[in-house]
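Bear in mind that the values here come from a model prediction, so they are computed numbers and not experimental data. Any value given below was found using the heavy atoms of this structure, including those in side chains, with hydrogens, waters and symmetry copies removed. Lettering follows sequence order; numbering is per chain, from 1.
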Amino acid sequence: MSTRKICTRFAPSPTGHLHVGGARTAIFCWAYARANGGNYLLRIEDTDQKRSSDDATAGFFEDLKWLNIGWDEGPEFEGSGGGENGPYYQSKRLAIYNEYLQKLLDAGLAYYAFETPEELDTERKLARKEKRAYRYNRAALELNQETVQQYLDEGRPKVVRFKVPEGGPIVVHDAVVGEVQVERNEVDDFVIFKTDGFPTFHFAVIVDDALMGVTNVIRGQEHLNNTFKHVLLQDAFGFERPTFSHISLIFNPDGSKMSKRDKDKALRTFVREKNVESPPNDCIPTESWSAWLGSKDVQLEISEANDLAAALGIQLPEINVEDFQRAGYLPEVLLNYLCLLGWSPGNDIEQFDADFLINNFSLDRIVKSPAKFDRAKLLAFNLDALQKISTEEFETRLLDWCTKYAPEFAALGDKFSLFASANHERSKTFRDAVETSKFLIDDDDAITWEESKPVKKALLKGEVTGLSRLPAIIEAFTTLETWDAESIDACLHALADSLADGALGKVAQPVRVAVAGGPVSPPIGDTLVLLGKEATLRRLSRCLEHFSAVCDV
RNA sequence: GGUCCCAUCGUCUAGUCAGGUCAGGACACCAGGUUUUCAUCCUGGGAACAGGGGUUCGAAUCCCCUUGGGAUCACCA
């Protein structure tokens, strides 16, 4: 068809955060361009004045960068972007859109319309009530030229509509879905310029795609129906149609659409079930709290949602790319996993890196059916990836992560290295390492022992309880001169021999529970070195005192 | 409701386009085993072609219908 250089684009609307569906689209666009020696460009679709924000735009840049899919052309950001076909913000391309609009107007392919949104809404409701499809009735086409001019001169609010030409069915060839067609009368004279003087999405997209040399449009399947409008417009301008690829949506495991609202949903459900009366710790102003609780259409600011979740002690579902970063996933793993949702390289290959992707990506292996997002599989992939990297790399990356999300651990100083290596093999995510090591940064006196099953088992159960062995352990540790993992292990082995017929668990586990407050910690030697001798002894003593006081030992 | 799209284990998928291996892999699950805890790790196991019609010697694969799921019907993108 065309010998033009391949060019794909990712064109987000900066109204929120980059979510996994958008990220997957971006990855596919990026991979297709790379696989074909083409260009991958980023364009910011901010024609919705009310909802777009600069913060959101910056967030998109960072998320894309974190995933390591830099763009060749587009807004300049940390080495990505630039290019001849800018500006890459639609809000800065008004003059261009007006120029193209005029062409349509001159050709009689577009016309002004003056109905108010309320009037149209009434029409729509009526159509719905009468169970017929709503189409704009072309009333404005009946207006004679003088009237139109008069309205224009009066400054009446106006929109511009595209005049759908006569013809047969509209046919679109989609590289993923195949041939799709619709009867022409299904498409009404849609608005291409809004009252605020900005083009609508449909208009801006096709003008930009054409002017920027986009050859392949890869986007979510929610756009499939829009495509009929787009090709009509493209044909009207005489633009070469790009190759369309509509990829299926990503859903939650329960089949609902994965949405940013899921966070509010999770919070609201929790708040209702537990009858939380007011915002804990005043993390949310009372007015917005009641508004939020009252309507499922009201969403909290992302920071408010995070604060509330933290205050309530619940985990919000990860939806946005940043959520996965915060949760301690590796960007290359998220990229890998996202690819698998709707694409597969075949040959039973599942785990691969970006190089493999760009060497093997092709549109004809994209799956048409929608996919559900399975966090368990992502987690398993992350574990595999974490175990594959060297301990040095794990340490470096964990430190980066902690600096951003767990500064108290980043402040571990010369102990960080041991903290990292002790957690390398056992962590599924970076957050895992931190969450199971809270006891490391807690004060010695802040440790409490919840009497859970494993705690009781380690300290209170059996003919000879773990607790009863603590005095001997404390004594041995007190006289232990060298405080390193080997010495501690040797000491514990000796204690196990003398106290428990060599059963290391009988002495190691009580120690672990005593110092950590629970049954989970890195290998006992590392745990105690990390804590230091002083803290270890203090915690052992406190534990002994605590349980001696509350029960007969 | 109109229009459009989709349909293989619980989940992601290979196999479908060029009909012919007891439908393969991964995650999850279950049962054993290793390990001083957790997490790992090892071994084994159950688990799918939505239903019905055709076409054919032969259908997961091609066609039709049904059912189910989804998207979309804005001066949002």
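- Atom name C1', nucleotides B/G10 and B/C73: the rounded distance is 34 Å, in whole Å.
- At the heavy-atom level, A/Thr436 lies nowhere under 4.0 Å from the strands shown.
- Surrounding CG of A/Asn185 are more than 12 heavy atoms belonging to other residues, nucleotides or ligands, all under 6.0 Å away.
- Judged by closest nucleotide on RNA chain B, A/Val182 is the one of A/Val520 and A/Val182 placed further toward the 5' end.
- Taking the P atom of each, B/U11 and B/A74 are spaced 33 Å apart, rounded to whole Å.
- The separation of B/G52 from B/A48, taken at their P atoms, amounts to 16 Å, rounded to a whole angstrom.
- Contacts of A/Leu249 with the nucleic acid, taken as non-hydrogen atoms under 4.0 Å apart, involve only primed sugar atoms and P, OP1 or OP2.
- The cationic group of A/Arg161 lies under 6.0 Å from the six-membered ring centre of A/Tyr136 and within 45° of the ring axis, placing it in a cation-pi geometry.
- Of the nucleotides present, none pairs with B/A23 by Watson-Crick or G-U wobble criteria with both distances under 3.5 Å.
- Ion pair A/Lys377/A/Glu350 flagged as a salt bridge, since at least one NZ, NE, NH1 or NH2 atom sits closer than 4.0 Å to an Asp/Glu carboxylate oxygen.
- Counting any heavy atom pair closer than 4.0 Å across all strands shown, A/Asn226 reaches a base atom.
- Within 4.0 Å (heavy atoms only), A/Leu224 reaches sugar-phosphate atoms of the nucleic acid but no base atom.
- Using a 4.0 Å heavy-atom criterion, one finds that A/Pro519 contacts the bases of the nucleic acid, with or without backbone contacts as well.
- Ring geometry for A/Phe193 against A/Phe203 counts as perpendicular: the plane angle is over 60°, on a 0 to 90° scale with 30° as the lower cut.
- RNA chain B lies under 4.0 Å from at least one heavy atom of each of the following residues of residues 10-22 of chain A: A/Ser13.
- When heavy atoms are screened at a 4.0 angstrom cut-off, A/Gln181 is found touching the sugar-phosphate backbone but no base atom.
- Figure legend. B/C73 is base-paired to B/G1; pairs are counted as Watson-Crick or G-U wobble with both atom distances under 3.5 Å.
- B/U56 sits 9 Å from B/G19 when the C1' atoms are compared, rounded to a whole Å.
- Within the nucleic acid shown, A/Val159 comes within 4.0 Å of at least one base atom, counting heavy atoms only.
- Within residues 418-433 of chain A, the residues having any heavy atom closer than 4.0 Å to RNA chain B are, in order of number, A/Arg426, A/Lys428.
- Using cut-offs of 30° and 60° on the angle between ring planes, the pair A/Phe190 and A/Phe162 is tilted.
- In this structure, the side chain to side chain contact (heavy atoms under 4.5 Å, CB included) partners of A/Pro87, at least two apart in sequence or on a different chain, are A/Lys92, A/Arg93.
- Counting any heavy atom pair closer than 4.0 Å across all strands shown, A/Pro454 reaches no nucleic acid atom.
- When the C1' atom is used for both B/G15 and B/G54, the distance is 24 Å, rounded to whole Å.
- No engagement by A/Phe373 is indicated, since no non-hydrogen atom pair under 4.0 Å with the nucleic acid exists.
- Ring centroid separation for the pair A/Phe28 and A/Phe361 comes in under the 6.0 Å cut-off.
- A/Asp208 has no carboxylate O lying under 4.0 Å from a charged side-chain N of A/Arg9, or vice versa, which leaves the two without a salt bridge.
- Using modelled atom types, no side-chain atom of A/Thr527 and backbone atom of A/Ser521 make a donor-acceptor pair closer than 3.5 Å.
- Taking the six-membered ring where tryptophan is involved, the planes of A/His424 and A/Phe394 are essentially parallel, since the angle between them stays under 30° and well short of 60°.
- In this structure a side-chain-to-backbone donor-acceptor pair under 3.5 Å is present from A/Lys194 to A/Thr47.
- Pairing for B/A7 is with B/U67, a Watson-Crick or G-U wobble pair whose two hydrogen-bonding atom distances lie under 3.5 Å.
- With P as the reference atom, B/A60 and B/G53 are 14 Å apart, rounded to whole Å.
- Only the C1' atoms considered, B/A47 is 5 Å distant from B/C9, to the nearest whole Å.
- Looking at heavy-atom distances under 4.0 Å, A/Pro157 makes no contact with the nucleic acid at all.
- Residues that satisfy the side chain to side chain contact (heavy atoms under 4.5 Å, CB included) test with A/Pro370, not counting sequence neighbours, are A/Ser248, A/Phe251.
- Taken from OH in A/Tyr88 to CG in A/Asp46, the straight-line distance is 15.0 Å, to the nearest 0.5 Å.
- Using a 4.0 Å heavy-atom cutoff across all strands shown, A/Glu350 reaches at least one base atom of the nucleic acid.
- With a heavy-atom cut-off of 4.0 Å to chain A, the contacted part of RNA chain B has its first and last nucleotide at B/G1 to B/A77.
- Heavy-atom nearest nucleotides on RNA chain B were determined for A/Glu183 and for A/Arg51, and the one closer to the 5' end corresponds to A/Glu183.
- Taking a pair to require two hydrogen-bonding distances under 3.5 Å in either a Watson-Crick or a G-U wobble arrangement, B/U34 remains unpaired.
- Looking at heavy-atom distances under 4.0 Å, A/Gly342 makes contact with sugar-phosphate atoms alone, never a base.
- Within 4.0 Å of A/Thr195, counting heavy atoms only, lies at least one base atom of the nucleic acid.
- Across B/U3 and B/G58, the matching P atoms stand 37 Å from one another, rounded to whole Å.
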Got a list of side-chain donor-acceptor pairs under 3.5 Å for residues 163-178 of chain A, not counting sequence neighbours?
| residue | atom | partner | partner atom | Å |
| --- | --- | --- | --- | --- |
| A/Asp174 | OD1 | A/Val176 | N | 2.7 |
| A/Asp174 | OD1 | A/Val177 | N | 2.8 |
| A/Asp174 | OD1 | A/His246 | N | 3.3 |
| A/Asp174 | OD2 | A/His246 | N | 3.1 |
| A/Asp174 | OD2 | A/His246 | ND1 | 2.6 |

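- Counting any heavy atom pair closer than 4.0 Å across all strands shown, A/Glu115 reaches a base atom.
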